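Note sheet for the following structure.
Protein chains get the first letters and strands the later ones, always in sequence-line order, with residue 1 at the start of each. These numbers were taken from a predicted model, which means no experiment stands behind them.
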There are 2 protein chains.
Amino acid sequence: MMDFVEILKNAGIAASQQRMMILKYLDANRIHPTTDQVFQALRSDMPTLSKTTVYNTLKKLVEHKVLVELSLFENEARYEYDREPHIHLKCTECNEIIDLDKKFDLYTDTFIAGHKITEHQINLKGICKKCLSTGE
Amino acid sequence: MMDFVEILKNAGIAASQQRMMILKYLDANRIHPTTDQVFQALRSDMPTLSKTTVYNTLKKLVEHKVLVELSLFENEARYEYDREPHIHLKCTECNEIIDLDKKFDLYTDTFIAGHKITEHQINLKGICKKCLSTGE
DNA sequence: CTAGGTGCAAAACATTTGCAAGGTA
DNA sequence: TACCTTGCAAATGTTTTGCACCTAG
């Protein structure tokens with residue numbers, strides 16, 4: 001458990017019981033869980049744990065780069081018409097999603113390590129040209 | 001508008017007014033809109049349009065490969081501890097997310113086309129080895 | 001002691017479902 | 001006409017917010 005105290009301290013946030021338990025769970029269970037999965041898994045050991053705390057903690061740990069959030073586009077589905085392969089960049093300043101026509105020929109394989117691949121997406125996060133120029 | 005009729009027919013679905021308007025909007029506005037954005041944009045021209053129809057239509061058009069949905073992981077945020085760069089595969093059969101350790105050195109650039117890149121994710125969709133072997 | 005973290009309940013969004021009425025082929 | 005689509009209202013699911021209490025440093 002000492003490890004987790006240090007990880008939290010290094011990230012600059014308080015090492016509460018809840019945060020350590022959540023971090024420990026994520027470390028031991030590499031299943032990319034949802035917020036609810038984390039909550040359900042821990043509630044028997046921590047009967048007073050609230051789902052709000054799980055939400056708060058996961059958010060804070062992502063902010064402090066301890067965890068990675070897989071869903072780059074948050075809680076809303078987004079759609080597009082263009083079917084030409086291209087890359088998406090989500091600007092963290094203006095929240096716009098920009099198409100980049102950088103070519104990629106990686107992952108046109110139909111199989112990787114025995115898994116059949118049918119679709120792929122490359123998503124980047126950063127700050128777009130426009131936001132970089134307008135002071136930021 | 002003729003184009004959109006044909007696109008819908010070719011996809012094997014009926015060419016209703018609503019579907020054509022939604023498709024036309026997606027074609028003219030390459031902003032990766034959310035369901036609500038599509039709804040808000042069209043409601044002045046189509047006062048009787050319901051959000052349910054927008055949801056139904058977008059879903060159907062994705063099923064029939066006319067549109068692309070950007071959020072590979074649906075409506076729930078997912079978190080992971082591992083910070084080593086790797087690729088995610090979402091199996092469309094068992095819904096599990098599998099880590100692939102295939103190396104990629106593409107997009108370690110800090111800048112692409114003037115945009116500053118801070119983070120990137122490569123997400124694949126397909127059928128995992130296990131599901132392929134168990135009959136599918 | 002004090003700022004920040006926790007937990008409860010309620011609110012705010014996003015999405016789905018059931019079903020009657022309407023439109024397309 | 002027959003089937004599929006639409007639109008409304010209600011239900012479900014996810015995330016956020018407000019606020020009083022508690023806890024780590």
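- Taking hydrophobic clusters as Ile, Leu, Val, Met, Phe, Trp and Tyr residues chained together by side-chain heavy-atom distances below 4.5 Å, Leu70(A) does not share a cluster with Tyr55(A).
- Taking every heavy atom of both residues into account, Pro33(A) and Asn29(A) meet most closely at CD-O, 4.3 Å.
- When all heavy atoms of Ala41(B) and Tyr25(B) are compared, the closest pair comes out as CB-CE1, 3.4 Å.
- Rounded to whole angstrom, the span from the CD atom of Glu63(B) across to the P atom of dT5(D) amounts to 10 Å.
- Spacing between atom NZ of Lys59(A) and atom P of dT17(D) amounts to 6 Å, rounded to whole angstrom units.
- Rounded to whole Å, the distance from CD on Glu69(A) to C1' on dT14(D) is 13 Å.
- To the nearest angstrom, P of dT6(D) lies 13 Å from CG of Leu42(B).
- The side chain of Lys60(A) places an N or O atom within less than 4.0 Å of a non-bridging phosphate oxygen (OP1 or OP2) of dG5(C).
- Minimum interatomic distance between Thr53(B) and Ile22(B) (heavy atoms only, all atoms of both residues): O-CD1, 4.5 Å.
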**OP:** Mark up nucleotides 20-25 of chain D, 5' to 3', with B wherever a protein heavy atom is under 4.0 angstrom from a base atom, S wherever such an atom reaches only the sugar-phosphate, and - elsewhere.
**Re:** -----S

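- Without hydrogens or angle criteria, His115(A) side chain to Lys129(B) main chain gives a donor-acceptor distance under 3.5 Å.
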Scan nucleotides 7-10 of chain D against the protein and return all N/O pairs shorter than 3.5 Å with their distances rounded to 0.1 Å.
unit_1	atom_1	unit_2	atom_2	d
dG7(D)	OP1	Gln18(B)	NE2	3.3
dG7(D)	OP1	Thr48(B)	O	3.1
dG7(D)	OP1	Thr48(B)	OG1	3.2
dG7(D)	OP2	Ser50(B)	N	3.3
dG7(D)	OP2	Thr53(B)	OG1	2.8
dG7(D)	O5'	Thr48(B)	O	3.2
dC8(D)	N4	Thr52(B)	OG1	3.4
dA9(D)	N6	Thr52(B)	OG1	3.4

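- By the 4.0 Å N-to-carboxylate-O rule, Lys51(B) lies close enough to Asp36(B) to be salt-bridged with it.
- If you take CE of Met21(A) and C1' of dG5(C), they are 17 Å apart, rounded to a whole angstrom.
- Judged purely by atom type and a 3.5 angstrom limit, Thr57(A) has no side-chain atom pairing as donor or acceptor with the backbone of Arg19(A).
- Each end of the helix from dC1(C)-dG25(D) to dA25(C)-dT1(D) gets its own axis from five base pairs, and the two axes differ in direction by 50°, given to 10 degrees.
- Going from atom CG of Leu58(B) over to atom C1' of dA14(C) covers 13 Å, rounded to whole Å.
- Checking each of Leu23(A), Val68(A), Leu61(A) against Tyr81(B) for a side-chain contact (heavy atoms from CB on, under 4.5 Å) leaves exactly one that passes, namely Leu23(A).
- Contact detail for Val66(B) and Ala11(B): the closest heavy-atom pair is CG2-CB, 3.7 Å.
- Distance alone, capped at 3.5 Å, places no donor-acceptor pair between the Thr34(A) side chain and the Arg78(B) backbone.
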Original post:
Step by step, would you call Val38(B) with Leu42(B) a side chain to side chain contact (heavy atoms under 4.5 Å, CB included)?
Top reply: CA-CA 6 Å; Val38(B) 175; Leu42(B) 295 179; 4.0 Å; yes

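- The nearest whole Å value for the distance from the OH atom in Tyr55(A) to the C1' atom in dT15(D) is 5 Å.
- Distance Lys51(A) NZ to dT14(D) C1': 8 Å, rounded to the nearest Å.
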